[in-house]
Enquirer: 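First the structure, which I've put down as structure tokens, then a few questions once you've had a look.
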There are 2 protein chains.
Amino acid sequence: MNTKELLKSKNIKPTIQRIKIYEYLKTHKTHPDAETIYADLIKELPTLSLSTVYNTLKEFANNGLILEVFAEHKTYFDGYNQPHNHYICDICGKVYDINIEFNFLKKKKISGHLIKKFCGIFRGICSECQKKREQK
Amino acid sequence: MNTKELLKSKNIKPTIQRIKIYEYLKTHKTHPDAETIYADLIKELPTLSLSTVYNTLKEFANNGLILEVFAEHKTYFDGYNQPHNHYICDICGKVYDINIEFNFLKKKKISGHLIKKFCGIFRGICSECQKKREQK
DNA sequence: GTCTTTGCAAATGATTTGCACGTCG
DNA sequence: CGACGTGCAAATCATTTGCAAAGAC
């Protein structure tokens, strides 16, 4: 299914902005923030506005098309929408995907509370930044 | 060890503001935000300012005295500083402590990245709000 | 007296909203 | 033409910062 059909199937009108934003996330595995997506896409869509990017991303997230990664005071977006976790480096700020088997996510409830979503964020120094430190 | 001695041991001067904020978090299991702590403590400390609350909480978190719970656009503070996870209700917004055994947290690294912290947040409808819905 | 902390107000940064305009069926 | 989407600017909200005054040792 192409992007246009996919959006239609979610009752989202496939405008050029929405298609480009969606495809941007699918082809960039870098977990960009709204600002970055905007800065890149404006090259193709010169009249694009930042609020359209924000609104579109929120719409996609509400429809389960993408994941939001809430970090300290910033939100990153992930086109890979299967449940998984993230690692954010305290030095370079890069966001990595982490796939671990979480048995508790197979449960529907935890302590009586209904589980709809789980967002796990690791923090520390990533392997790249560790290497850089060793070289010094 | 009382609060005064504890703060001293972390090289934090035990001022009345700091002592009261720390003790507030230790006695309130409700995961308040900075605003709530401020609103409650100003009754005892009429000259307290919101920025002092923010600065103090940040200082405590950096020293491992408390935990920060980063939710969508808001930060909650938790006086219980042992690693654990949280559940936030989408309906009432209440924050619950979740204690699960995370085997991977015993590891020092994940995919080569050094683990310093892990913050896991569940989302959904809490048991209280489920009951309220059933009653309707 | 010097060094630290506080409290206020102003600044910041991410995100959202209001609204007029444009678009497309 | 009528509904929906876009883009701009202004608004908002949580949090941080600059700085003068107050307090501690």
Side-chain angles (χ1 to χ4, degrees), chain A residues 3-4 7-8 10-22 24-25 31-63 65-78 88 93 95 121, chain B residues 3-5 7-8 10-22 24 31-63 65-78 88 93 95 121:
Chain A
T3 305
K4 207 165 162 179
L7 295 182
K8 272 185 191 168
K10 295 275 182 181
N11 280 316
I12 299 171
K13 283 200 182 168
T15 65
I16 181 69
Q17 290 87 341
R18 287 168 175 168
I19 291 169
K20 289 287 180 187
I21 292 170
Y22 183 79
Y24 183 93
L25 278 173
H31 308 83
D33 57 8
E35 200 75 55
T36 304
I37 299 168
Y38 169 74
D40 278 359
L41 283 183
I42 203 160
K43 295 164 197 163
E44 289 181 71
L45 303 172
T47 71
L48 181 66
S49 99
L50 185 54
S51 52
T52 300
V53 176
Y54 272 110
N55 292 332
T56 303
L57 290 168
K58 176 124 298 196
E59 195 174 16
F60 287 172
N62 291 341
N63 278 282
L65 286 171
I66 64 172
L67 290 185
E68 293 168 292
V69 183
F70 298 110
E72 217 167 325
H73 312 150
K74 245 185 128 67
T75 307
Y76 300 98
F77 298 90
D78 194 340
I88 306 180
V95 182
I121 299 181
Chain B
T3 305
K4 207 165 161 179
E5 286 166 2
L7 294 181
K8 272 186 190 168
K10 295 276 184 181
N11 281 315
I12 298 172
K13 283 198 184 170
T15 65
I16 182 67
Q17 290 86 342
R18 286 168 177 167
I19 292 169
K20 288 288 181 188
I21 292 171
Y22 183 78
Y24 184 93
H31 309 82
D33 59 7
E35 201 73 57
T36 304
I37 299 169
Y38 169 74
D40 277 359
L41 282 183
I42 204 160
K43 295 165 195 162
E44 289 181 71
L45 303 171
T47 71
L48 182 67
S49 99
L50 185 54
S51 53
T52 300
V53 176
Y54 272 109
N55 292 331
T56 303
L57 290 167
K58 176 124 296 195
E59 195 175 17
F60 287 171
N62 291 341
N63 278 281
L65 287 171
I66 64 173
L67 291 185
E68 293 167 293
V69 184
F70 297 111
E72 217 167 325
H73 311 150
K74 247 186 126 69
T75 307
Y76 300 98
F77 298 90
D78 192 342
I88 306 179
V95 182
I121 300 182

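Numbers restart at 1 for each chain; the letters A, B, ... are given by sequence-line order, proteins then strands.
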Enquirer: Given the side-chain rings of B:F70 and A:F70, with only the six-membered ring counted for Trp, is the space between their centroids under 6.0 Å?
Expert: no
Enquirer: Rounded to the nearest angstrom, tell me the gap between atom CZ in B:F77 and atom C1' in D:dA14.
Expert: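 Atom CZ in B:F77 sits about 10 Å away from atom C1' in D:dA14.
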Enquirer: Looking at B:S49, I'd like to know whether one of its side-chain N or O atoms comes within less than 4.0 Å of OP1 or OP2 on C:dT6.
Expert: no
Enquirer: Can a side-chain donor-acceptor contact be found between B:D33 and B:T36 if the only test is distance below 3.5 angstrom?
Expert: yes
Enquirer: Let me know the distance between OH of B:Y76 and C1' of D:dT15, rounded to the nearest Å.
Expert: 14 Å
Enquirer: Counting the atoms with a prime plus P, OP1 and OP2 as sugar-phosphate, which does A:D33 contact under 4.0 Å by heavy atoms, base, sugar-phosphate, or nothing?
Expert: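 The answer is nothing, as A:D33 stays clear of every strand by at least 4.0 Å.
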Enquirer: Just so I know, are the side chains of B:L67 and B:F77 near enough to count as touching, which here means a heavy-atom distance under 4.5 Å?
Expert: no
Enquirer: Select base, sugar-phosphate, or nothing to describe what B:Q17 touches, counting heavy atoms under 4.0 Å on all strands.
Expert: sugar-phosphate
Enquirer: May I have the step-by-step check of salt bridge (Lys or Arg N to Asp or Glu O under 4.0 Å) for A:K74 and A:E68, ending in yes or no?
Expert: CA-CA 10 Å; A:K74 245 185 128 67; A:E68 293 168 292; over 6 Å; no
Enquirer: In whole angstroms, how far is the C1' atom of C:dT12 from the NE2 atom of B:H73?
Expert: 16 Å
Enquirer: Of all the choices, D:dT17, D:dG7, C:dT16, which nucleotide is nearest to the side chain of B:N55 once you look at every atom?
Expert: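 Nearest to the side-chain atoms of B:N55, counting from C-beta on, is D:dT17.
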Enquirer: Check every strand shown and say whether A:T52 touches a base, only sugar-phosphate, or nothing at a heavy-atom separation below 4.0 Å.
Expert: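 The answer is base, as A:T52 lies within the cut-off (heavy atoms under 4.0 Å) of a base atom.
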Enquirer: Take A:A34 and B:T15, find for each the nucleotide of DNA chain C with the closest heavy atom, and name the residue whose nucleotide sits nearer the 5' end.
Expert: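 Residue closer to the 5' terminus by nearest nucleotide: B:T15.
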Enquirer: Could you please name the option among D:dT15, C:dT5, C:dT16 that lies closest to any side-chain atom of B:R18?
Expert: C:dT5
Enquirer: Between B:K74 and B:K13, which has a closest nucleotide on DNA chain D that is more 5'?
Expert: B:K74
Enquirer: Separation of B:L45 atom CG from D:dA22 atom P, in whole Å?
Expert: 18 Å
Enquirer: CD of A:E35 versus P of C:dT12: gap in Å, rounded?
Expert: 16 Å
Enquirer: For the side chain of B:L50, starting at C-beta, report the closest nucleotide among C:dT5, D:dT15, C:dT15.
Expert: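 For B:L50, the side-chain atoms sit closest to D:dT15.
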Enquirer: Applying a 4.0 Å non-hydrogen cut-off, can you work out what B:S51 is touching in the nucleic acid: base, sugar-phosphate, or nothing?
Expert: base
Enquirer: Name the residue closer to the 5' end of DNA chain D, choosing between A:E59 and A:Y38 according to the nucleotide with the nearest heavy atom.
Expert: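 Between the two, 5'-proximity favours A:E59.
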Enquirer: Indicate whether OP1 or OP2 belonging to C:dT15 is found under 4.0 Å from a side-chain N or O atom of A:K58.
Expert: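 No, A:K58 has no side-chain N/O under 4.0 Å of OP1/OP2 on C:dT15.
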Enquirer: Counting heavy atoms from C-beta on, name the nucleotide in D:dT15, D:dT17, C:dT15 closest to the side chain of B:T75.
Expert: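 So the side chain of B:T75 is nearest to D:dT15.
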Enquirer: Counting only side-chain N and O atoms of B:Y54, is one of them less than 4.0 Å from OP1 or OP2 of D:dT16?
Expert: no
Enquirer: Tell me, do A:I12 and A:F60 make a side-chain contact under 4.5 Å, heavy atoms counted?
Expert: yes
Enquirer: In whole angstrom, give the distance that lies between atom CG of B:L57 and atom P of C:dT5.
Expert: 16 Å
Enquirer: Tell me: CG of B:L41 to P of C:dG7, nearest whole Å?
Expert: 11 Å
Enquirer: Given atom CD1 of B:I19 and atom C1' of D:dA24, what is their separation to the nearest angstrom?
Expert: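 It works out to 13 Å between those atoms.
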Enquirer: Is the shortest side-chain heavy-atom distance between B:P14 and B:Y22 below 4.5 Å?
Expert: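 With C-beta onward as the side chain, the pair stays apart.
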